[in-house]
Amino acid sequence: MKRRSFLKRSSLVAAGTMFTPMFLQQTLGKNFKEYTGKRVVIIQFSGGNDGLNTIVPFLDDNYYNARPSLALKKAEVINLANDLGINGEMKGFADLFHKGYVSIINNVGYPNPNRSHFRSMDIWHTASDSDEYISTGWLGRYLDSYCTFAREGIEMDNTLSLSMKGNKVKGIAVDNPQTFYNSLNVSQFESLAKSTDDDMLNEDNQGYLYKTLAEANQSAKYVYEHSKIYKSKSTFPKSQLGKNLKSVAEMIQSGMDSKVYYASLGGFDTHAYQKGKQNSLLKDYSASVSAFVEELERTDHFKDTVIMTFSEFGRRVKQNASGGTDHGAANNVFLIGKNLKQPGFVNENPNLESLNRGDLIHSVDFRSVYADLLDNWLSVSSSEILSKKHKTLPLV
Amino acid sequence: MKKNYKKLFHLHARAGFGINKTDADRIINTDNWISPLTDIEDVELLKFDLPEIPEGNMGMMEENKKMEMRKQMRVLSKDINIEWINQMSKGKDPLVEKMTLFWHGHFACRIVNPYDAIQYTNTLRENALGNFKDLVMGVSKSSAMIKYLHLKQNNKRKPNEDFARELCELFTLGRDQEYTEQDVKEIARSFTGWSTKRKSTTFYFNERKHDNGEKEIFGKTGNFGGEDVINMILEKKQCARFISTKIYKEFVNPTINEKNLEEITEVMYANNYDIGKTMHHIFSAKWFYSDENIGCKIKSPIELLVGLKKSFQLDPLYKKSWIVLQRNLDQELYIPPNVAGWPGDKSWIDSSRLAFRLRLPSLLLNNGEIPLAFKEDYDVDPNEDRTKMRKIAKFKCNISWSEIEDNFKEDPKKCTLEEMMVRGELSKQASQYLKDNQYDSFKERIIQIISLPEYQLC
């Protein structure tokens with residue numbers, strides 16, 4: 001038996017793992033239609049990134065008073081504009097800023113901020129009010145209303161964030177296109193996925209499972225085949241985020257029709273010994289993102305891509321007794337793109353004098369940023385997806 | 001298949017985590033299937049030896065000591081989680097196990113502290129089939145809930161409405177059902193002073209923080225305390241209806257049949273919220289066994305995992321594999337997404353989850369490797385964690401196939417292997433596939449069957 005047919009037929013019993021190396025590297029699809037529309041890439045900082053040591057008010061005495069040992073010294077900061085600098089580990093990001101590719105929105109948050117990671121992340125994912133529970137995500141509802149295929153929203157992970165779950169359409173979580181493909185590349189699933197029987201299209205749960213299987217099978221193939229078309233040329237960091245953004249770049253460059261990509265970086269919950277930990281995470285982020293932009297520019301895909309970075313909350317202004325910071329409220333959000341409407345700092349600097357329970361007070365509702373991305377970048381109706389009309393900032 | 005087997009397997013899929021053929025043969029000819037499930041005298045508690053609560057005030061500790069302590073707490077909580085998974089698969093009373101899981105989703109509570117976790121879990125267990133009033137009372141006085149919904153911060157000078165709101169909206173009446181915003185405010189006042197003793201899980205009523213003034217709740221005026229409020233809520237039939245609806249969706253069908261729902265609401269209300277009697281009524285009802293109610297539910301991840309563990313006596317070398325699996329499948333005990341619990345049903349399934357769930361049986365039964373999920377580890381270094389988790393992700397398990405084969409011995413006339421493993425009807429496509437791809441070995445056959453989409457239903 002030829003190796004190919006052997007692999008195809010391998011029974012479930014022999015296939016104890018889905019990490020079997022694939023011997024086949026031939027490009028299966030040749031006639032893909034390239035997607036030329038716009039897309040967003042979301043990068044989530046999990047754990048509550050300390051915005052004040054990311055975008056640093058390095059001329060503000062209040063900053064140094066609140067953080068005697070944690071504050072970054074002037075020499076550890078790269079000057080950006082408006083008396084604000086950026087963590088010195090983020091050189092690549094600073095370069096993007098100076099090229100006019102970055103908008104930084106300060107003081108983003110929501111009313112009655114919640115200081116639990118889970119709850120606050122929920123609020124950011126669903127775009128709910130802080131006393132409201134919604135079981136679909138804002139990007140999921142976008143997929144519901146404007147997309148057909150699960151693969152139009154791709155998350156680089158093994159589980160799907162709430163933000164990517166719609167009622168009808170849920171994005172796909174792909175840690176590795178090949179693993180996802182392998183997991184379904186078993187004759188039993190292939191065969192069942194092909195079913196077109198009427199009873200598969202039933203509205204009941206059995207019908208739903210078969211429908212999802214068919215979709216998963218298609219998506220896995222589509223993503224896997226595309227993932228082999230283009231190999232990026234830039235050097236990405238070896239970190240997980242680096243690898244994930246490299247994969248995203250390759251999917252975009254291969255012409256995939258996904259509209260939303262999602263990646264996360266965790267470890268920002270820095271209650272103690274913050275400086276070293278946060279610096280290395282930010283360094284990873286900055287290097288990964290600048291490689292990503294460089295790569296997309298090479299193939300002229302950057303002009304159709306906007307990257308948004310957020311965290312579930314910022315941190316307390318005052319440092320704690322262990323060289324760290326506790327959970328806070330308002331924080332900065334970054335947008336990266338080629339033709340931003342307001343490159344640089346979009347609004348006022350954080351006010352370290354007027355605080356609420358020791359935390360920064362928000363002046364921009366995060367849903368205004370979402371609304372802008374939806375209305376002005378993806379050209380859909382934000383009031384439908386966010387169920388309310390939010391003031392949009394002209395950003396993209 | 002003989003009709004009786006079909007009914008019995010259905011009953012045990014809902015009132016427990018499934019049953020094997022040997023046990024089914026033992027029960028099938030007894031004249032009462034239901035009372036042994038619902039009438040439980042002595043409930044098994046979740047046993048877990050915790051060390052003495054450490055001395056010293058956490059607030060005053062140095063941060064590295066605090067971190068060390070948090071780490072220990074996390075380790076213990078994970079161990080409790082695994083112990084609970086074990087208990088669900090081997091507990092003597094399957095319905096107690098199933099109902100406890102159900103109540104965890106209903107009284108959804110995120111718990112990190114192991115002492116809180118044990119007390120909360122055993123409150124649910126003790127009352128799982130008891131009286132709903134005792135259950136609400138017990139949960140409301142549990143240290144886990146008191147912390148989670150900020151009852152400790154609820155005092156007469158500055159009431160915190162968190163608990164009052166969820167008590168009405170999620171635990172008893174349903175959103176905007178027979179209560180007003182003003183009721184919520186007054187209910188919050190009634191619960192002022194509900195707290196726990198310092199460094200303990202014991203309930204403590206702090207009189208100094210309690211608001212002794214008059215309150216107006218549901219149109220009545222009086223100096224109501226928290227217990228009075230719970231009594232007043234339970235007098236409303238809407239509460240019985242709301243709880244019955246949730247029970248119906250979980251134990252009968254995610255799509256409501258109004259007539260059947262009305263019936264169990266009546267039973268629950270007439271029996272003064274006796275949960276055991278209500279469940280007994282459901283499992284005795286003819287409609288419970290009708291075709292439309294069999295195999296119509298999507299198994300929750302915990303149901304799926306515990307079902308597999310029970311059927312195949314899975315006991316992995318690295319016990320923490322159970323945690324990785326829960327996380328991968330989006331349901332981790334003690335970590336519901338929020339106070340509203342797991343949304344359930346179709347929301348368990350997206351393309352990636354389904355792909356993983358279908359591969360799961362073959363992975364677990366072949367010492368496979370589980371993909372890792374990390375997103376929610378907010379407080380650990382992602383890279384360090386990954387290395388550790390990679391080891392745990394190898395699901396190594398010794399399975400005694402001969403014993404399993406004995407437990408699932410088929411009888412082509414009465415009950416085939418497919419009929420044992422799959423609830424409801426196979427799709428045409430699946431039957432055809434099984435016909436076209438026949439295996440001889442028991443192991444290959446059973447893996448083939450439980451890798452069908454139908455196995456995800458119960």
Side-chain angles (χ1 to χ4, degrees), chain A residues 11-13 15-19 46-48 117-119 122 133 135 150 157-162 165 170-175 179-180 183-184 188-189 191-192 195 197 199-200 204-206 208-210 212-213 215-216 219-220 239-240 264-269 271-272 277 320-322 324, chain B residues 62-64 67 110 165 254 295-298 327-328 330 335 337-340 343 345-347 349-356 358-359 362-363 366-369 371-383 386 424 427-430 433 437 443-444 447-448 451-454 456-457:
Chain A
S11 88
L12 281 164
V13 175
T17 169
M18 39 215 228
F19 302 95
S46 310
H117 294 292
F118 300 97
R119 184 61 197 136
D122 243 29
Y133 301 99
S135 59
D157 203 292
N158 275 315
T159 55
L160 199 60
S161 300
L162 180 52
K165 289 182 185 168
K170 299 177 179 77
I172 54 173
V174 199
D175 182 41
T179 309
F180 185 39
S183 69
L184 287 169
Q188 179 164 339
F189 303 146
S191 157
L192 294 176
S195 164
D197 275 4
D199 62 3
M200 301 300 165
D204 64 10
N205 277 336
Q206 194 186 78
Y208 176 72
L209 292 180
Y210 273 89
T212 310
L213 173 61
E215 238 172 62
S219 299
S239 64
Q240 196 62 39
S264 315
L265 178 62
F268 284 97
D269 196 22
H271 289 279
K277 280 187 220 165
N320 62 23
S322 1
Chain B
E62 278 181 44
E63 190 66 29
N64 50 356
M67 282 199 338
R110 273 181 189 267
R165 183 178 310 283
C296 60
K297 259 187 48 147
I298 295 175
R327 222 175 266 180
N328 255 299
D330 261 1
I335 314 194
N338 53 52
V339 63
D345 202 35
K346 286 192 173 69
S347 80
I349 301 290
D350 56 63
S351 305
S352 340
R353 281 294 62 68
L354 181 64
F356 181 55
L358 292 177
R359 277 309 293 270
S362 55
L363 289 179
N366 284 308
N367 293 324
E369 194 175 338
L372 299 169
F374 295 95
K375 214 175 317 160
E376 294 203 282
D377 289 338
Y378 293 122
D379 49 358
V380 289
D381 179 327
N383 294 315
R386 270 173 195 249
S427 67
K428 270 189 245 160
Q429 190 77 6
Y433 181 80
N437 296 273
K443 182 179 172 185
E444 283 179 302
I447 291 180
Q448 184 187 42
S451 302
L452 292 171
E454 282 81 350
Q456 303 298 323
L457 299 169

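Letters A, B, ... are given to chains in the order of the sequence lines, protein chains preceding strands, and every chain is numbered from 1.
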Exercise for the section: Counting only heavy atoms closer than 4.5 Å, note whether B:I298 contacts chain A via side chain, backbone, both or neither. Expected result: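 Contact with chain A involves both backbone and side-chain atoms of B:I298.
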Problem - Contact class of B:N437 relative to chain A, heavy atoms under 4.5 angstrom - result: neither
Practice task
Check whether A:A321 gets within reach of chain B through its side chain, its backbone, both or neither, counting any heavy atom under 4.5 Å.
Solution key: neither
Using 0.5 Å steps for rounding, measure from the [atom1] atom of [X] to the [atom2] atom of [Y].
X	Y	atom1	atom2	value
A:R119	B:R110	CZ	CZ	10.0 Å
B:I349	A:L209	CD1	CG	5.5 Å
B:L457	A:Y208	CG	OH	12.0 Å

Practice task
Verify whether one side chain among B:N328 and A:N158 offers a donor that lies under 3.5 Å from an acceptor in the other.
Solution key: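 Their side chains do not contain a donor-acceptor pair, so the 3.5 Å distance test is not met.
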Handout entry: A:N205 and B:K297 side chains, donor-acceptor separation under 3.5 Å
Key =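 Note: B:K297 and A:N205 side chains miss the donor-acceptor criterion.
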Practice task
Go through the steps to decide whether A:L213 and B:L354 satisfy the test side-chain contact (heavy atoms from CB on, under 4.5 Å), and finish with yes or no.
Solution key: CA-CA 7 Å; A:L213 173 61; B:L354 181 64; 3.8 Å; yes
Handout entry: Donor-acceptor under 3.5 Å (B:Y433 side chain, A:F189 main chain)
Key =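 Judged by distance alone, no pair lies under 3.5 Å.
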Practice task
Could you tell me whether a side-chain N or O of A:Q188 sits under 3.5 Å from a main-chain N or O of B:Q448, the two making a donor and an acceptor?
Solution key: yes
If you take all heavy atoms of [X] and [Y], which pair is closest and at what distance?
X	Y	value
B:S352	A:A173	OG-N, 2.6 Å
B:S427	A:Q206	CB-OE1, 3.7 Å
A:L160	B:D330	O-OD2, 4.2 Å
B:S351	A:F180	O-CE1, 4.4 Å

Exercise for the section: Count the heavy-atom pairs under 4.5 Å between each of B:V339, B:D350, B:D345 and chain A, then report the option with the highest count. Expected result: B:D350
Practice task
With a 4.5 Å cut-off on heavy-atom pairs, point out which of A:E215, A:K165, A:H271 contacts chain B the most.
Solution key: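 It is A:H271.
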Exercise for the section: Among A:G324, A:S219, A:A272, single out the residue with the greatest number of heavy-atom pairs under 4.5 Å to chain B. Expected result: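 Ranked by heavy-atom pairs under 4.5 Å with chain B, first place is A:A272.
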Exercise for the section: Answer yes when B:K346 and A:D204 have at least one side-chain N-carboxylate O distance shorter than 4.0 Å, and no when they do not. Expected result: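 Judged by the 4.0 Å cut-off on N to carboxylate O distance, B:K346 and A:D204 do not form a salt bridge.
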Practice task
Could you check if a side-chain atom of B:P337 sits within less than 4.5 angstrom of a side-chain atom of A:F118, using non-hydrogen atoms only?
Solution key: no
Exercise for the section: Go through the steps to decide whether B:R327 and A:T159 satisfy the test side-chain contact (heavy atoms from CB on, under 4.5 Å), and finish with yes or no. Expected result: CA-CA 8 Å; B:R327 222 175 266 180; A:T159 55; over 6 Å; no
